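A, B, ... follow the sequence lines: proteins, then strands. Residue 1 opens every chain. Values in this document were obtained by computation on a predicted structure and should not be read as measured data. The figures that follow rest on heavy atoms only: side chains count, while hydrogens, waters and symmetry mates do not.
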Amino acid sequence: MSTLPQASTFAGRVDGMFYALLALSGVVVLGVFVAMIWFAVKYRHGTAANRKGNSHRDMGLELAWTLIPLLMFVGIFAWSVKLWIELRTPPADASTVYVVARQWMWKVQHPDGRREINTLHVPVGQPIRLVMISEDVIHSFYVPAFRIKQDVLPGRYTDQWFTATQPGTYDLFCAEFCGTDHSRMGGSVVVMNMADYQRWLRGESHDGLAAQGAALFRRFGCSGCHDPAAGVHAPDLDGLYGSTVPLADGTQVRADDRYIHDSIVLPLSQVAAGYPPVMPSYQGRIGEDDILALTAYIKSRGATQETPHAGQ
Amino acid sequence: MPGNEQAPNYLQVGTTLRSWLTTHDHKKIGILYALAITFFFFLGGAAAALIRLELATPAGDLMTAKTYNKMFTFHGVVMVWFFLIPSIPATLGNFLLPLMIGARDVAFPRLNLLSWYLYIGGGLFTVACLLMGGVDTGWTFYTPFSTMFSNSHVILAVVGVFIVGFSSILTGLNFIVTVHTMRTRGMTWFRLPLFVWSMYGVSLVMMLATPVLAMTLVLIAVERLGGVGIFDPALGGDPVLFQHFFWFYSHPAVYIMILPAMGVVSEVITASVRRRIFGYRFMVYSILGIAVVGFTVWGHHMFVAGQSMYASIVFSILSFIIAVPSAIKVFNWTATLYKGDITFRAPMIYALGFVGLFMVGGLTGLFLAATALDVNLTDTYFVVAHFHYIMVGGAVMAYLGGVHFWWPKITGRMYPESWARFAAIVMFFGFNLTFFPQFLLGAEGMPRRYHEYPAKYELLNVLSSAGASLLALAYLLPLGYLLWSLARGGKAPDNPWDARGLEWETSSPPPPGNFLVQPEVEGGPYAYEEP
Amino acid sequence: MSYRAASVQEQFDDASQQREASMLGMWAFLATEVLFFGVLIAAYTLCRVRFPEAFAAGSRRTDVVLGTLETAVLLASSCTVALAVRDLQLGGRRAAMWLLVATAALGATFLCIHGFEYVTEYREGLIPILHYAQDGPEAIPMQLFFFLYYVTTLFHGLHVTIGVVLLLVMAWRTRRGDFRPRYHTPVELSALYWHLVDIVWIFVFPLMYLVGRA
Amino acid sequence: MKNSHTPASGPRPPSLSSHLKVFIALLVLLLASVGTAYIPMGPFNLASNIGIAVAKALLVLVFFMRLKTDSPLLRIVASIGFAWVLVLIGLSLTDILTRGIGPVS
Ligand code: HEA
Ligand code: HEA
Ligand code: CUA
Ligand SMILES: [Cu+2]
């Protein structure tokens with residue numbers, strides 16, 4: 001990892017663990033090699049070494065080299081799990097950036113509506129949570145300088161997070177084999193000072209993600225049903241995000257990104273209680289990036305009152 | 001003089017092609033396997049050569065990306081299913097298992113031949129797949145790429161692997177029954193040589209893991225043909241489910257590859273050190289432990305695949321636990337050297353090479369089993385280096401060591417010792433030059449299955465490619481001198497190494513029924529210190 | 001050389017070793033069969049956990065009456081084949097032969113009944129890939145259920161078919177007088193295989209037919 | 001591996017009536033499983049379905065397939081396939097069942 005920059009809060013700690021394990025392994029390898037070579041030289045055929053009194057078993061020794069490695073392993077495991085849970089637990093103040101993968105490019109959507117292809121701009125020091133989904137096969141979002149990687153699946157959100165520490169431009173790789181141009185499905189992550197980042201944000205004018213979603217909401221005809229004025233008995237989406245939705249089968253779900261995603265793609269698998277199952281599936285008709293925009297729009301229509309939201 | 005009259009050996013009865021292809025003799029079937037496996041090794045090796053040639057420069061200039069993808073897929077499929085999994089069990093195992101337990105043959109000789117034909121059948125499909133244009137999914141066949149997106153010959157490849165899977169199941173079944181029911185008088189369980197134990201363990205794994213692979217491949221094929229299936233996210237299906245099933249087989253499969261190698265090494269080391277194995281019972285229990293616990297760690301291939309955080313924690317600790325029996329084995333081999341009377345013939349050089357390289361490969365496995373480190377290292381060249389250290393540095397070395405060790409018994413000829421030592425040493429250096437740089441590449445973040453790569457990785461890749469040429473040479477050497485020895489090698493005595501074990505008590509090569517008088521066993525294995 | 005019966009193959013010392021090997025081999029083979037079906041059961045479980053309602057809805061569309069009948073038929077056939085082995089062991093021949101034929105016939109009956117189910121399901125448009133015409137609330141994930149239902153029952157049906165042929169061969173060999181009380185291992189092995197096919201169905205039946213009925 | 005029965009044939013055959021009794025028991029269990037499936041018991045429906053299936057399978061294994069009297073080795077071999085399926089299902093469930101919960105959405 002000598003030439004690989006340490007550009008996130010994880011990098012140093014992951015490397016620390018890597019080197020610790022390397023040292024431990026080094027000691028073990030050295031120990032075994034030294035013993036092997038020593039025996040090999042001392043007891044090679046023809047030497048006059050004392051070969052008497054050798055035994056073929058020694059319960060103490062066996063137990064020692066069963067239990068000592070076991071204890072060490074448990075130690076390494078505990079260390080790694082601690083770090084692992086942190087790696088998988090985004091802090092509450094992380095700002096979310098959406099990533100949509102497809103053969104063979106990365107599409108990035110910032111909450112303010114800015115879109116990028118094969119690049120991701122982030123400010124230094126700000127925890128960033130990536131919420132990712134794929135439009136076709138499995139990909140993997142890998143930034144070696146941050147020591148993070150997570151597969152990006154079709155049909156399901158996965159996420160990962162990081163806090164960049166060093167301004168600079170870093171490699172972004174696709175690390176899960178995804179077809180012909182897998183090795184070209186790369187890009188870069190640009191880490192900027194807050195000031196530069198603000199300037200970059202103002203660089204071009206654009207609609208916020210939610211505003212784009214609002215336009216899509218009309219374009220795909222969602223408003224034809226979900227508008228309170230529409231004649232169809234469909235749920236009002238105000239305040240939906242984050243609420244608990246009772247379903248027709250008697251269970252409840254929390255209306256999170258995943259739920260909204262599935263409501264659009266597989267509407268019939270989770271029907272809200274009290275409504276006819278008439279919403280058409282948009283599977284294959286709306287790209288994942290548009291779904292993210294729609295989600296942002298729905299979110300913008302009020303969120304997180306933990307009051308049950310239902311038809312009647 | 002009448003006393004010199006020898007019973008004909010197994011190579012002297014039935015010499016026509018037809019009698020070879022219909023033989024029920026486990027020894028001949030072992031040789032049939034050896035021929036086929038050698039062919040596939042060089043086929044897979046040729047693909048590796050092309051891979052390394054392509055990677056000698058950062059740009060993808062030798063072949064197209066699609067061809068490259070087909071190359072590593074073909075390389076992986078052939079090396080795993082058509083070379084390494086059957087390598088030791090189907091060749092040395094077939095040849096030696098009945099000999100070592102004092103039996104005339106395996107329990108089901110006809111089934112044994114059928115296994116070989118299935119192997120060949122599967123091989124034909126795979127070669128046909130290559131000739132018709134190949135398959136580009138990687139040896140792991142991940143969905144939905146393999147089911148919906150790849151436009152290569154996935155079905156042919158899947159059928160090939162499916163068929164060879166049955167060969168593996170039947171071999172496992174045959175060996176298990178053989179070990180249970182065919183041991184000669186006095187051959188109790190704890191008198192079995194460790195090679196037999198490792199065959200027993202590996203057979204268990206073959207029998208209990210391979211059906212899962214076979215059925216999963218059927219599901220893939222149906223999904224690909226019909227366009228509907230349980231791995232399809234469009235239906236709410238789960239591509240990660242495929243990975244669970246695949247690795248439920250494929251992790252135990254890596255122990256299919258290493259357990260036999262461990263068996264060979266135990267035999268070679270004891271014979272070269274002239275000492276009983278240290279901690280025989282612990283060696284036995286660790287074989288069984290690896291075979292059984294090996295089934296519970298598969299999720300360590302899926303830490304970043306979208307598996308739940310908690311499941312990853314469970315699989316991580318189990319993966320550390322499975323390393324304990326391997327540790328026991330490494331330490332016991334080392335302890336066996338103590339107070340020995342050691343000679344360094346070629347098999348021993350291979351065996352020591354095995355211990356060292358397996359240890360390095362295994363220890364890097366621990367890096368990957370540590371969830372937090374795996375996040376960075378997974379799907380990089382670190383993983384590629386990890387498994388080549390174990391599979392090439394470990395298993396292939398052990399296979400070659402075993403081939404040399406039993407060569408006199410199998411062919412009745414001695415191999416040329418100095419050539420063999422030379423090849424083993426070149427191989428050791430060539431190997432390290434090829435794969436050590438890949439650890440560094442992985443740690444620097446170079447992803448695997450990359451046809452092109454950023455220029456900063458060039459130096460290490462060039463080193464690796466250079467090593468691969470040396471390695472290729474080192475593999476061609478034994479091919480040459482072993483063939484030469486068939487014609488010119490010195491006649492082998494029955495027990496050239498003065499080794500213990502029933503296989504050395506019969507003639508070289510053995511007669512068709514293995515023993516002229518059914519042997520009887522009176523003590524444990526490796527009785528080297530008793531005169 | 002000790003006395004070796006004609007039916008003992010040369011790699012074995014005696015008939016008892018041969019039988020032991022055959023029985024162990026068969027049971028080991030059955031263990032692999034359990035795993036073959038086990039993958040499907042596992043797939044079923046893991047998908048059902050994610051879509052309990054769709055699986056219940058799918059299960060309700062199967063024909064529970066025919067399903068129960070099929071189960072009863074297979075259970076009966078298990079009994080008849082067990083009786084056939086018993087009869088052979090006690091020195092019988094005619095009865096054994098007819099019991100084997102009856103077992104095969106029951107197997108064939110099973111296949112026929114299942115064929116009827118398939119036909120109805122085809123008409124109702126419940127067969128993924130071939131003809132799937134559902135649109136209720138659970139239609140999409142319900143396909144997962146039916147996909148597994150078909151793969152499982154077809155794979156099981158294949159086993160039943162192989163079993164029927166095997167049993168008929170055994171019946172014929174029994175008639176020919178190949179078996180004696182001291183040697184009838186092939187029939188024993190076929191019977192074991194047949195029982196396993198029955199056991200698989202014992203699990204498939206509640207999982208496929210009885211979910212969500214309450 | 002010495003068995004007490006005649007060497008070349010199975011254990012002593014069970015009586016005709018025992019076979020028939022097992023068969024009746026199987027049919028009763030079949031009806032019980034269909035019957036209970038129609039009684040709303042929540043999660044216990046699943047439990048009874050599986051429980052009865054296990055009971056039926058055991059009857060076939062123990063009596064029809066004669067594990068009761070055959071060697072212990074065969075009993076182990078017979079259970080191993082089932083045990084492995086449970087490992088497959090059990091450990092996969094650790095993933096599927098814990099996916100939604102916790103910090104990761
Ligand atoms: C023969 C083949 C073989 C063997 C034996 C192993 C053995 C092990 N493997 Fe490996 N592995 C593969 C072949 C093999 N592997 C392959 C082919 C892949 C990639 C598949 C693909 O994606 O294409 C892979 C991938 C792989 C991964 C997934 C990487 C990833 O994709 O992210 C992991 C993660 O845990 C792993 C771990 C281990 C562990 C812990 C062992 C252990 O069994 C190792 C145990 C041995 C030792 C540990 C060494 C000896 C021990 C001592 C000397 C003890 C003393 C030590 C201390 C006290 C510290 N392996
Ligand atoms: C038993 C298993 C086995 C063995 C023995 C090998 C042997 C070798 N492997 Fe392989 N390897 C795998 C199993 C194995 N591999 C697997 C499972 C993968 C993963 C595939 C995937 O990602 O899906 C892989 C992937 C893999 C990659 C990564 C590809 C990628 O991710 O893009 C590389 C790259 O260097 C590589 C190299 C080599 C080399 C140099 C050898 C050498 O040891 C081979 C040396 C032998 C020879 C070179 C043959 C000698 C003879 C000749 C050369 C004469 C004829 C040839 C010509 C005339 C050209 N292997
Ligand atoms: Cu996308 Cu690899
Ligand atoms: Cu593994």
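- With C:Pro206 as reference, D:Asn49 is the one residue of D:Ile50, D:Thr36, D:Val34, D:Asn49 to meet the side chain to side chain contact (heavy atoms under 4.5 Å, CB included) rule.
- Contact between D:Leu20 and C:Cys79 at its shortest, heavy atoms only, is CD2-SG, 4.3 Å.
- Residue contact with chain D, scored on non-hydrogen atoms closer than 4.5 Å, involves the backbone and the side chain of C:Leu46 alike.
- The contact between D:Ile39 and chain C is made entirely by backbone atoms, counting heavy-atom distances below 4.5 Å.
- For chain D, the nearby parts of C:Ala76 are the backbone and the side chain; heavy atoms of each come within less than 4.5 Å.
- We find the CD-CG distance between C:Glu20 and D:Asp70 to be 10.0 Å, quoted to the nearest 0.5 Å.
- When the candidates C:Leu83, C:Val64, C:Thr45, C:Asp198 are compared by the number of heavy-atom contacts under 4.5 Å with chain D, C:Leu83 comes out ahead.
- Smallest separation of non-hydrogen atoms from D:Ser33 and C:Leu210: O-CD1, 3.7 Å.
- Residue contact with chain C, scored on non-hydrogen atoms closer than 4.5 Å, is absent for D:Ile52.
- In plain terms, the two heavy atoms of D:Ile80 and C:Ala31 that are nearest each other are CG2-CB, 4.1 Å.
- Neither the backbone nor the side chain of C:Leu88 comes within contact range of chain D; no heavy atom of the residue lies under 4.5 Å from a heavy atom of that chain.
- Shortest non-hydrogen contact noted between C:Ala82 and D:Phe64 is CB-CD2, 3.9 Å.
- For C:Val85, the parts lying under 4.5 angstrom from a heavy atom of chain D are both the backbone and the side chain.
- Both the backbone and the side chain of D:Val54 come within less than 4.5 Å of a heavy atom of chain C.
- For a residue to count as touching a neighbouring chain, one of its non-hydrogen atoms must lie under 4.5 Å from one of that chain's; by this rule C:Phe205 touches chain D with the side chain only.
- Closest approach of C:Thr68 to D:Leu30, counting heavy atoms only: O-CD2, 3.7 Å.
- If you measure heavy-atom distances from D:Asn45 to chain C, the contacts under 4.5 Å come from the side chain alone.
- In this structure, C:Arg176 places its CZ atom where more than 12 heavy-atom neighbours from other residues, nucleotides or ligands lie under 6.0 Å away.
- Residue D:Leu26 touches chain C through both its backbone and its side chain, counting heavy-atom pairs closer than 4.5 Å.
- Between chain D and the residues C:Arg50, C:Met23, C:His195, the largest count of heavy-atom pairs under 4.5 Å involves C:His195.
- Put simply, CD1 on C:Ile199 and CG on D:Leu61 are 3.5 Å apart, with the number rounded to the nearest 0.5 Å.
- Of the listed residues D:Tyr38, D:Phe82, D:Phe23, the one with more heavy-atom pairs under 4.5 angstrom with chain C than any other is D:Tyr38.
- Within the 4.5 angstrom heavy-atom criterion, atoms from both the backbone and the side chain of C:Ile202 approach chain D.
- Remark: D:Lys56 NZ to C:Phe203 CZ distance equals 9.5 Å, nearest 0.5 Å.
- For D:Ile24, no part sits under 4.5 Å from any heavy atom of chain C, backbone or side chain.
- By number of non-hydrogen pairs under 4.5 angstrom with chain C, the leading residue of D:Leu31, D:Val77, D:Leu59 is D:Val77.
- For C:Ala72, the parts sitting under 4.5 Å from any heavy atom of chain D are the backbone and the side chain alike.
- Contacts with chain C were tallied for D:Ser79, D:Ala83, D:Ala78; D:Ala78 has the most, counting heavy-atom pairs under 4.5 Å.
- Heavy-atom pairs under 4.5 Å with chain D peak, among C:Glu33, C:Arg86, C:Met26, at C:Arg86.
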